[in-house]
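Structure record follows, encoded as structure tokens.
When a residue number appears, it is its place in the shown sequence, counting from 1. Read the numbers this way: they start at 1 and go in the same order the structure lists the ligands and their atoms. Everything numeric in this text was worked out from a predicted model, so none of it was measured.
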Amino acid sequence: MTHFIAICNQKGGVGKTTTAINLAGFFAQDGKRVLVLDLDAQGHVAPGFGLQKGNGLYRLMVGEEPLINVAIPARERLWVVTNDHTCELVKEHVKQANFREYLLSNLLEEAADHFDLILLDTPPSTDVLHILALVAANFAIIPANLDYLALDGVNYVLKTLRSLGRYPGVTAPALIGVLPTLYDRVTRETIANATLLQQAVGAERVLPPIPRDTKVREASSHGQTLWEYAPACPAAVGFPNGSRQKNSRNLVGGYLHLAEIAAGLLNTVK
Ligand SMILES: Nc1ncnc2c1ncn2[C@@H]1O[C@H](COP(=O)(O)OP(=O)(O)OP(=O)(O)O)[C@@H](O)[C@H]1O
Ligand SMILES: [Mg+2]
């Protein structure tokens, strides 16, 4: 079975693309066949892997080219459907289509033969592609930086997830969790907002955080995943603290911890 994870928050700059890239890199190294589909006109997924932006999404959704022709290899067992300014034409096309909410999920049906995992990186907006991604997904992650407006973005996605039931045949994706990103554990504001987030959405829905780490920006400017650029940095492996939610390395948080949690959940659905 192919799993689809939507990574969404209409707030900009909260670490959606970073999360997609590093989860993809992890699972590909772990032996899975992984595709990252870029639904954002900014097209940041491709440069994150050292590739050029492109019109992959346009070719898939408007040109109706087969997914397998459009997906370009980024690493061993890892492919990308690129995006760029042509995304505006994709959105126009989608708006005029019948049964538009199902367009992406239908197009991705053929993916089952080719990929074990598809990560859907969504734009920082509430546009139509956002809904298409959630309809196609069976899991969701909501990255959230812990500033004072963080709850707005998280609540919006949670509300959208609840509203998906109105589309016939659609089951809302299971929430892997809200992922605190750019986490600064010595900043009072971050700590206070983390507590607010836990109170608002339920502590069990908040994932171990991704530390704020300059290596993240450096890695993406080199077109590399954290596993390639700085595999031992805090954003990759987490940090030691007194949390009970530690992973096998006695550290908490980081993309490795997230990947372990996600892998555990994916394994429960065969
Ligand atoms: N843990 C982190 N530590 C430091 N910098 C980070 C971290 N996570 C992301 N960044 C940086 O923050 C910026 C925004 O990250 P990213 O592009 O992943 O967010 P996004 O939610 O996809 O943004 P957009 O909404 O514009 O698509 C990037 O420059 C990225 O390198
Ligand atoms: Mg992004």
Handout entry: Minimum heavy-atom distance Trp227-Phe26, with the two atoms named
Key = NE1-N, 3.3 Å
Handout entry: Those atoms of ligand 1 less than 4.0 Å from some heavy atom in Asp40
Key = 27 (O)
Exercise for the section: May I ask you to decide whether Arg75 forms a salt bridge with Glu228, counting only side-chain N to carboxylate O separations under 4.0 Å? Expected result: yes
Practice task
Check ligand 1 against Val14 and write out every atom of the ligand that is under 4.0 Å from a heavy-atom position of the residue.
Solution key: 19 (O), 20 (P), 21 (O)
Problem - Nearest atoms (heavy-atom pairs only) where Ala140 meets Pro173 - result: N-CB, 4.1 Å
Exercise for the section: Verify the distance test for Thr122 against the Mg ion (ligand 2): any N/O/S atom under 2.8 Å, yes or no. Expected result: no
Problem - Ile210 versus Gly254, closest heavy-atom pair with distance - result: CD1-C, 3.4 Å
Exercise for the section: Answer yes or no: does an N/O atom from Gln42 fall short of 3.5 Å to an N/O atom of ligand 1? Expected result: yes
Handout entry: Nearest neighbour in protein (non-hydrogen) for atom 25 (O) of ligand 1
Key = Lys16 NZ, 2.7 Å
Exercise for the section: For atom 16 (P) of ligand 1, grab the closest protein heavy atom and report residue, atom and distance to one decimal in Å. Expected result: Thr18 OG1, 3.6 Å
Exercise for the section: Around atom 11 (C) of ligand 1, find the nearest protein heavy atom and jot down its residue, atom name and distance. Expected result: Arg217 NH2, 4.1 Å
Completion exercise
One finds that the ligand 1 atoms under 4.0 Å from a non-hydrogen atom of Pro211 are 1 (N), 2 (C), 3 (N)
